[in-house]
Amino acid sequence: MKNCILAIESSCDDSSIAIIDKDSFKCLFYKKISQEKEHSHYGGVVPELAARLHSEALPRILQQCKDYFSKLCAIAVTNEPGLSVSLVGGIAMAKSLALSLNLPLIAINHLKGHIYSLFLDKKEEYDLGVLLVSGGHTMVLKVDEKGFLEILAKSNDDSFGESFDKVAKMMNLGYPGGSVIENLAKQAKDRNLCFSVPMLRSKELNFSFSGLKNQTRLELTKHQHLDESIKSEIAYAFEEAACSHIIDKCRKIFTKHHFKKFGVVGGASANLNLRGRLQTLCEEFECELKLAPLEFCADNALMIARAAVSAYERNEFVKIQEDILSPKNKHLERL
């Protein structure tokens, strides 16, 4: 019985393939190869290097999937948004598979995939708010009763995750910076340093992290020698202000939109400080907090496969000869 969907994710620096049973939502295969080690030398993702590593990793993973080929009913792939040179590798593989196996092709917006990380093994839910915090995006979306999406707020500049990466780079802590800054912040002892929370008195709902990033840079210039104690104090002050900024804007959004459910997704949602404070906020507004599993917060093919199940049910297929590569976020109308 052909009831499985194979999905490919290569939007940035993670090569991943997953196979899901579209009827039971059971994950039959999942593998991800991270490029963090290779990019850490440069303090961030190098697009050309990412593309080359995808071309090496994806075929190795696919080799492990051959036993499932006879059970496949569709091929899915991330086509937006992301690094063009990274996306193209996954798209080329997906098109080749769809053509050789004579299967329909599904193109998935990877931001929608992140939302589906809340529903990896079950039916998706509508009528909820979603905070998406990742290395490339920070936004709050509303999913209405019919599954249509509305962006309520987004970042005017850096994303939440990107700001962590850049602060880590300022302190020569390597890449990715999220977990490094979070762990360093926990080591702070005095915790006397305090950065101002961005846009605290502004009624605007959008986020902005560039000013906070500059505050951090200026503080770093005050110290001729950066020992672990100073780094931990700065990391703590930065994380506190960054998380407070998210909470402040979400609080303003909660007063306008009375969500009964609120999901938090994206790689940066693994930050435990942010998760704890969002839990408190949701309890204050009598709202149920939904969290993606920590293992599937960052980019992964299983969330793409899960999103593809819903797309398959709606017959949302693309032609193999169609140019589906899109580095921008153009198709975020509905879940």
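Computation of the quantities below employed the complete heavy-atom set of this structure, encompassing side-chain atoms and omitting hydrogens, waters and symmetry-equivalent molecules.
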Please confirm whether Arg334 makes a cation-pi placement over Phe148, using NZ or CZ under 6.0 Å from the six-membered ring centre and within 45° of the ring normal. yes
Can Arg306 be said to sit on top of Phe25's aromatic six-ring, NZ or CZ under 6.0 Å from centre and within 45° of the ring axis? yes
Cationic N near anionic O, under 4.0 Å, [X] to [Y]:
X	Y	result
Glu239	Arg191	no
Glu48	Arg52	no
Lys252	Asp248	yes
Lys261	Asp127	no
Glu233	Lys231	no
Glu80	Lys112	no

Compute the ring centroids of Phe317 and Tyr312, then answer whether they are less than 6.0 Å apart. yes
Compute the ring centroids of Tyr30 and Phe296, then answer whether they are less than 6.0 Å apart. yes
Angle class for the Phe119/Tyr116 ring planes (parallel below 30°, perpendicular above 60°, tilted otherwise)?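 Phe119 and Tyr116: perpendicular rings.
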For Gly82, is there any backbone N or O sitting under 3.5 Å from a side-chain donor or acceptor partner on Ser86? no
When you measure from the side chain of Lys32 to the backbone N and O of Asp299, does any donor-acceptor pair fall under 3.5 Å?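 Side chain of Lys32 to backbone of Asp299, a donor-acceptor pair under 3.5 Å: yes, one is there.
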Answer with yes or no whether the side chains of His54 and Ser15 bring together a donor and an acceptor at under 3.5 Å. yes
